[in-house]
Amino acid sequence: MCHVIVTCRSMLWTLLSIVVAFAELIAFMSADWLIGKAKSRGGGGAEPDDRSGGSSEPYHPTLGIYARCIRNPGMQHVQRETLCGPYAENFGEIASGFWQATAIFLAVGIFILCTVALVSVFTMCVQSIMKKSIFNPWGVLTCLLFCPAGLFLILGLILYPAGWGCQKAIGYCGHYASAYKPGDCSLGWAFYTAIGGTVLTFICAVFSAQAEIATSSDKVQEEIEEGKSLICLL
C-alpha cells in the first residue's frame with residue numbers, strides 16, 4: 001500500500017527542491033545573462049548578421065551562455081521584435097572556454113538537483129524497499145548531494161564572468177568588456193536567478209535533514225500502523 005507521508009517540513013523541502021531545480025534549469029537555458037548596450041537601426045548590431053529591419057527605436061540584445069536574443073531582421077510586420085535561439089550549434093562553439101566550463105558545472109549541478117527533486121517526490125509515496133526504511137539513508141544522502149550540487153553551481157557562476165572578455169561578449173558589451181568587467185552590459189535576470197538558486201540549494205540541504213527527522217518520527221509510524229494512506233502532521 002502506498003503511504004503518502006506529508007509533513008510541513010517534508011512538503012516544504014520537496015517543493016523547494018523542485019523550485020530550485022527548475023529555477024536553475026530555466027536560468028541555464030535563458031539568453032538573459034548579459035543585457036547588451038542599446039542598438040538602433042543603422043547603428044550596428046551585436047551580430048555580423050544582425051541587419052535590423054524593424055523600427056528605429058533602440059533595443060537591447062541579450063547574451064546567455066550558449067544562446068542570444070537579437071532584433072528580428074527584416075520583419076516589420078511581425079509583432080515579435082526579437083529573435084532568440086542558440087548561437088552555438090555545438091559545445092565547441094560556445095564563445096569562451098570559461099563559459100564551456102560554466103556550462104559543464106551548471107549542467108552537473110542541475111542534474112543532481114533534478115534527480116534529488118524527483119526522488120524526493122518518490123519517497124513521499126514509497127516509505128520502504130524490501131521492508132527496510134529508506135528515510136534515514138535518503139535523508140543523509142540528500143544532505144551529501146545538495147552540498148556538491150551547490151559547489152558545482154558556485155564554480156560555474158565564478159567562472160562565468162571570466163568569459164566576459166571573449167569576442168562574443170565584446171560585440172555585445174563594447175571594447176571595455178573584459179574578465180569580470182561587463183563593460184556596457186548589465187546583468188540579466190538569469191544570472192541573478194542562478195545565484196538565488198545556488199543559495200537555496202544550501203538551504204535545501206538544511207531542510208532535507210529536518211524533513212527526514214519529521215518523516216521518520218514515531219507519530220508518523222503510528223499513523224502508518226493505523227492503516228492511514230495520507231498522513232498530514234504539523
Side-chain angles (χ1 to χ4, degrees), residues 13-36 62-69 84-120 138-173 176-183 185-211:
W13 169 68
T14 300
L15 292 176
L16 189 59
S17 300
I18 295 173
V19 169
V20 170
F22 272 98
E24 289 289 348
L25 181 60
I26 292 173
F28 177 73
M29 297 174 63
S30 173
D32 293 328
W33 284 71
L34 281 176
I35 301 176
T62 60
L63 179 65
I65 298 173
Y66 66 91
R68 56 91 179 99
C69 287
C84 298
Y87 68 80
E89 295 183 359
N90 54 65
F91 181 78
E93 293 184 0
I94 293 179
S96 168
F98 290 109
W99 289 2
Q100 292 176 352
T102 294
I104 293 174
F105 284 126
L106 292 184
V108 173
I110 292 170
F111 175 78
I112 295 174
L113 292 177
C114 290
T115 301
V116 171
L118 289 174
V119 178
S120 66
W138 178 241
V140 174
L141 183 59
T142 51
C143 288
L144 297 177
L145 287 175
F146 272 121
C147 290
L151 292 177
F152 280 121
L153 295 176
I154 289 175
L155 287 174
L157 292 174
I158 290 176
L159 290 175
Y160 170 69
W164 290 346
C166 68
Q167 290 301 315
K168 192 77 171 180
I170 291 175
Y172 279 74
C173 306
Y176 293 104
S178 61
Y180 297 97
K181 294 181 180 180
C185 284
S186 58
L187 297 177
W189 65 265
F191 181 77
Y192 292 112
T193 299
I195 292 177
T198 302
V199 174
L200 289 176
T201 298
F202 291 98
I203 296 177
C204 281
V206 177
F207 272 116
S208 66
Q210 296 297 322

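Everything numeric here is computed off the predicted structure, so don't read it as measured data. One is the number of the first residue; the rest follow in order along the sequence.
Rounding to the nearest 0.5 Å gives a distance of 12.0 Å between SG of C147 and CZ of F152. Here the CD1-CG distance, from I104 to L159, works out to 10.0 Å after rounding to the nearest 0.5 Å. Distance check: S17 OG to F22 CZ gives 12.0 Å after rounding to the nearest 0.5 Å. We find the CG-CD1 distance between L145 and I112 to be 6.5 Å, quoted to the nearest 0.5 Å. Summarising the geometry, atom CG belonging to L25 is positioned 10.5 Å from atom CG belonging to L106; distances are rounded to the nearest 0.5 Å.
Side-chain contact between T102 and F28: absent, with no pair of heavy atoms (C-beta onward) separated by less than 4.5 Å. The shortest side-chain heavy-atom distance between C166 and F98 does not fall under the 4.5 Å cut-off.
The two residues A23 and T193 make their nearest non-hydrogen contact at O-CG2, 3.7 Å. Smallest separation of non-hydrogen atoms from G188 and Y192: O-CD1, 3.2 Å. Here the closest heavy-atom approach between residue A27 and residue A190 is recorded as CB-O, 3.5 Å. When all heavy atoms are compared, the tightest approach of R68 to Y87 is CG-CB, 3.8 Å. Here the closest heavy-atom approach between residue I94 and residue A88 is recorded as N-CB, 3.8 Å. Taking every heavy atom of both residues into account, A103 and I65 meet most closely at CB-CG2, 4.2 Å.
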Show every donor-acceptor pair shorter than 3.5 Å between a side-chain atom in residues 195-206 and any protein atom, with sequence neighbours excluded, or say none if there are none.
unit_1, atom_1, unit_2, atom_2, d
T198, OG1, E24, OE2, 3.4
T198, OG1, A194, O, 2.8
T201, OG1, G197, O, 2.8

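Between the side chain of Y180 and the backbone N or O of I158 there is at least one donor-acceptor pair closer than 3.5 Å.
Partners of C173 according to the side chain to side chain contact (heavy atoms under 4.5 Å, CB included) rule, which considers only residues two or more places apart in sequence or in another chain, are L34, A177, C185. Checked against side chain to side chain contact (heavy atoms under 4.5 Å, CB included), F111 has the following partners two or more places apart in sequence or in another chain: T115. In this structure A67 satisfies the side chain to side chain contact (heavy atoms under 4.5 Å, CB included) test together with A31, sequence neighbours excluded. Remark: T62 pairs with D32 by the side chain to side chain donor-acceptor pair (under 3.5 Å) rule, at least two apart or across chains. Shown here are the ring-ring contact (aromatic ring centres under 6.0 Å, His included) partners of Y160, two or more places apart in sequence or in another chain: W33, W99, W164, F191.
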If you apply the rule side chain to side chain contact (heavy atoms under 4.5 Å, CB included), what do you find for F146 with L113, and how did you get there?
CA-CA 7 Å; F146 272 121; L113 292 177; 3.6 Å; yes

Evaluation steps, side chain to side chain contact (heavy atoms under 4.5 Å, CB included), between Q100 and F91
CA-CA 7 Å; Q100 292 176 352; F91 181 78; 3.5 Å; yes

Applying side chain to side chain contact (heavy atoms under 4.5 Å, CB included) to Y66 and E93, what does each step give before you reach the verdict?
CA-CA 8 Å; Y66 66 91; E93 293 184 0; over 6 Å; no

